Amino acid sequence: MCGIAGIMTSDAAAPRDEVLLRMIEIMRHRGPDDMDMWSAPHIGLGFCRLSIVDVEAGRQPISNEDGTVWLVFNGEIYNYKTLRAQLQAKGHQFSTSSDSEVIVHLYEEYGADCVKRLQGMFAFVIWDSGQQQLLGARDPFGIKPFYYTAGDHSLLFASEIKSLLSAASKSGAMDLDSLRHYLTFQYVPDPMTMFEGISKLPPAHLLIARPGGSVRLERYWEGGFNPQQRPLSEWSEQIRAALDSSVGRHLSGDVEAGCFLSSGIDSTAIAALMRQRGMVKTFSVGFDGESNETIWAARTAEALGTEHYSKVISEAEYFDSIPQAVWQQDEPVADPSAIAVYHLAELASNHVKVVLSGEGADELFGGYRIYREPASLAPIAWLPDNLRRVLHRLAGRLPEGMKGRSYLLRGTTPLEQRFRGNASIFTEQMKHELLQPSWWSEEPPTPDKLVARLYASTRHLDAVARMQHIDLNLWLPGNILMKADKMSMAHSLELRVPFLDTEVFALAAELPRQLKTAKGTTKYALRRALEDVVPPFIVHRPKLGFPVPLRRWLAGPRGVELLEQIDGSGIGSYIRSDYVHEMLRRHRQGQGDYSRRLYTLYILALWHDSYIRSFGRISTDELVRRERIAPVLPVESSLSTTAL
């Protein structure tokens with residue numbers, strides 16, 4: 001796991017070393033073990049390394065034998081040993097045992113199609129001097145980040161946005177369309193970012209560019225759902241075997257791997273399958289009171305026989321760590337559980353360099369409770385369209401909070417308009433009231449327009465599969481994997497996700513609806529498949545995630561502190577302060593739960609302070625403090641510059 005950065009210029013001059021150095025140093029948390037760079041006409045590549053595979057020799061940037069193909073790569077390739085043997089049989093010579101060198105030779109053999117043979121998580125760039133072409137790639141699910149910005153004279157790319165901003169040594173400008181989407185989703189969906197002119201390379205895509213030419217994106221993999229009917233016993237056997245095989249692949253490397261462990265079936269299954277291969281260290285966090293998941297995790301760890309570590313996060317610890325977590329995220333991500341993951345990663349990093357985790361199981365196997373909604377709405381779903389429209393109008397006239405009102409409204413609203421993913425913070429009407437009139441365009445971008453293209457390709461599927469498709473393309477990369485990568489790498493910890501394996505997905509994609517949500521539960525087939533793997537008290541326990549007691553916290557003095565931060569942040573030029581004050585008043589008086597909306601604005605305020613108001617004024621000393629990592633070597637001896 002590492003950080004990559006680079007610059008391709010339209011003129012023949014090599015990028016300046018000091019610019020590349022800034023781009024690398026600002027994300028040293030991603031790779032504290034080593035740092036290097038390489039440059040030549042038109043191109044400069046930078047790299048900081050967290051040593052996992054071939055610890056001694058696997059340095060980057062790395063090239064082929066004659067130095068005509070150069071690579072920087074972030075991630076892990078789990079089938080690299082198989083690929084290496086195949087390439088050696090074709091005559092390729094290797095100088096290291098690293099997975100990064102396998103990508104170089106795979107590119108020599110297959111060109112851009114090399115990416116289709118990789119199993120793993122990755123974001124990489126290859127510079128082909130013979131073709132004068134840059135090839136970028138991001139893994140099928142978007143586990144690893146890839147940001148880029150293209151101008152008239154250069155293309156810059158990096159694992160983190162702060163690296164791109166550091167190249168210009170100035171703050172970015174906020175993208176207003178992305179702001180509106182953030183207020184809906186609590187994150188900015190791919191390929192947009194919260195910064196004007198900076199984009200994310202979407203999952204399963206290639207980026208192809210030449211000096212002075214345009215940037216072209218190509219999709220190389222499409223994950224679609226295709227339900228099939230087979231006996232449950234057959235599904236159970238196949239799911240268990242596929243997941244066990246994936247866990248085995250994800251344990252590759254030359255360092256010890258641990259496992260995040262909650263009280264749910266996903267992480268428990270991973271830990272149990274790891275435990276079958278030997279002793280494993282597990283890690284959990286929770287909160288005081290009703291949210292203390294560490295009690296259940298400890299019971300699970302005892303049943304599995306793992307070496308377990310846990311931490312209870314206090315309210316003060318939670319809020320004290322938010323500014324640093326926001327800095328590490330690059331963009332505002334208002335998922336309260338991200339801060340829990342931040343503390344969990346910090347705990348684990350004191351014991352291991354690699355952890356496995358259960359992200360992706362819900363999207364693949366139907367784990368979110370909202371996926372049960374189509375079944376609950378079935379009694380009115382069969383009604384004629386005109387009758388449903390009448391019911392919808394009548395329901396809208398009922399008093400807010402009246403029993404049955406929400407059910408009727410959702411049941412008479414088409415799926416394409418009621419489900420945009422797992423988070424819906426501010427409605428369009430709320431956003432219209434929240435945003436300053438000067439920032440509200442006549443035709444603002446709406447979430448309906450954003451999800452329309454995803455729904456258009458799934459008309460042949462059942463409602464649950466269509467919802468999964470939305471989450472797979474929006475929620476998973478934009479929220480789940482974003483926080484997993486940024487919060488783990490903030491502590492120089494590599495996080496691996498065995499559920500997000502293309503072979504596991506191919507199996508999950510064929511599950512019929514009735515084996516996802518059934519008998520009052522979710523992930524039904526997965527639970528049945530793991531009955532002999534996880535402890536019985538976990539099999540049917542409902543999904544909880546990291547339940548953060550925000551509602552209780554913000555009803556007290558913490559809510560006032562949060563409001564003061566919002567008021568003093570500068571986002572008042574975008575949002576109406578009186579609207580925010582009224583939300584807090586109602587929340588504190590028990591007139592509704594406004595905690596998620598207030599928290600979404602709080603995270604926006606902290607992000608705005610760090611990246612819009614003050615990024616260009618952050619001193620070198622402050623950056624070093626935030627990175628908390630001393631330089632590896634003096635610049636003169638750490639960096640190498642080579643011309644072809």
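Any value given below was found using the heavy atoms of this structure, including those in side chains, with hydrogens, waters and symmetry copies removed. In this text, all values refer to a predicted model and were calculated from it rather than measured experimentally.
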- What closest approach, in Å, do Ala40 and Ala14 show between heavy atoms, and which atom pair accounts for it? O-CB, 3.3 Å
- Do side-chain atoms of Arg22 reach the backbone of Ala167 as a donor and acceptor pair under 3.5 angstrom? yes
- Nearest 0.5 Å please: distance from the CD1 atom of Ile126 over to the CD1 atom of Ile62. 11.5 Å
- Message: When you compare the side chain of Asp362 with that of Asp471, does any pair of heavy atoms fall below 4.5 Å?
- Response: no
- Query: Is the side chain of His42 donor-acceptor paired with the backbone N or O of Asp11 at a distance under 3.5 Å, no angle test?
  - Reply: yes
- Can you name the closest pair of heavy atoms from Lys162 and Phe615 and give their distance? O-CZ, 3.6 Å
- Would you call Gln119 and Glu503 a side-chain contact if the rule is heavy atoms closer than 4.5 Å? yes
- Message: Applying side-chain contact (heavy atoms from CB on, under 4.5 Å) to Ser95 and Glu101, what does each step give before you reach the verdict?
- Response: CA-CA 8 Å; Ser95 59; Glu101 191 179 7; 3.3 Å; yes
- Message: Tell me every residue that passes ring-ring contact (aromatic ring centres under 6.0 Å, His included) with Phe122, counting only those two or more places apart in sequence or in another chain.
- Response: Phe124
- Angle class for the Phe505/Phe225 ring planes (parallel below 30°, perpendicular above 60°, tilted otherwise)? perpendicular
- What's the shortest heavy-atom distance between Leu106 and Cys114, and which atoms? CD2-O, 3.4 Å
- Side-chain contact, heavy-atom cut-off 4.5 Å: Val326 with Ile603? yes
- Message: How long is the straight-line distance from CG of Leu481 back to OH of Tyr187, given to the nearest 0.5 Å?
- Response: 11.0 Å
- Taking Ser159 for its side chain and Ile4 for its backbone only, find out whether a donor-acceptor pair lies under 3.5 Å. yes
- Item | Any Leu450 side-chain heavy atom under 4.5 Å of Pro445 side chain | no
- Gap separating the OG atom of Ser349 from the CG atom of Leu344, nearest 0.5 angstrom: 10.0 Å
- Message: Contact between Val354 and Val352 at the side-chain level, heavy atoms closer than 4.5 Å - yes or no?
- Response: no
- Exercise: do Asp330 and Tyr611 side chains pair donor with acceptor under 3.5 Å: yes
- Residue pair Asp139 / Gly120: nearest heavy atoms and the distance that separates them: CB-O, 3.9 Å
- Please check if any side-chain donor atom of Ser245 sits under 3.5 Å from a side-chain acceptor atom of Arg249, or the reverse. yes
- Looking at NZ of Lys281 and CE of Met274, how far apart are the two atoms once the value is rounded to the nearest 0.5 Å? 11.5 Å
- Message: Determine whether a donor-acceptor pair (N or O, by modelled atom type, separation under 3.5 Å) exists between the side chain of Glu196 and the backbone of Ala173.
- Response: no
- Test item: Arg138 side-chain N/O and Leu201 main-chain N/O as donor-acceptor pair under 3.5 Å: yes
- For the atom pair CD1 (Ile143) and CG (Leu495), what is the distance rounded to the nearest 0.5 Å? 9.5 Å
- Could you check Tyr182, Tyr148, Tyr147, Trp607 and say which one makes a ring-ring contact (aromatic ring centres under 6.0 Å, His included) with Phe195? Trp607
- Atom of Leu83, atom of Leu118 and distance for their closest heavy-atom approach: CD1-CD2, 3.9 Å
- Query: Do you know the tightest heavy-atom contact between Gln468 and Glu363?
  - Reply: NE2-O, 2.8 Å
- For Asn79 and Arg117, indicate whether the former's side chain and the latter's backbone hold a donor-acceptor pair under 3.5 Å. yes
- Query: If only atom types and distance count, is the side chain of Lys200 paired as donor or acceptor with the main-chain N or O of Met192 below 3.5 Å?
  - Reply: yes
- Query: Are side-chain heavy atoms of Tyr107 and Asn64 found at a separation under 4.5 Å?
  - Reply: no
- Query: For the side chain of Thr149 and the backbone of Leu156, is there at least one donor-acceptor N/O pair under 3.5 Å apart?
  - Reply: no
- Indicate yes or no: does Arg496 engage Asp501 in a salt bridge with an N to O separation below 4.0 Å. no
- Query: Counting N and O atoms only, with roles assigned by atom type, does the side chain of Gln60 sit under 3.5 Å from a partner on the main chain of Phe73, one being a donor and the other an acceptor?
  - Reply: yes
- Before accepting this row, confirm whether a basic side-chain N of the pair Arg30/Asp485 lies closer than 4.0 Å to the acidic partner's carboxylate O. yes
- Task: Would you give the length of the straight line joining atom SG of Cys48 to atom CG of Asp33, rounded to the nearest 0.5 angstrom?
- Result: 10.0 Å
- Is any side-chain heavy atom of Val504 closer than 4.5 Å to a side-chain heavy atom of Pro498? no
- Message: Side chains of Glu25 and Met35, heavy atoms from C-beta outward: is any pair under 4.5 Å?
- Response: yes
- Item | Check: Arg277 side chain, Leu273 main-chain N or O, donor-acceptor pair, under 3.5 Å | yes
- Is atom NE2 of His351 surrounded by more than 12 heavy atoms (other residues, nucleotides or ligands) closer than 6.0 Å? yes
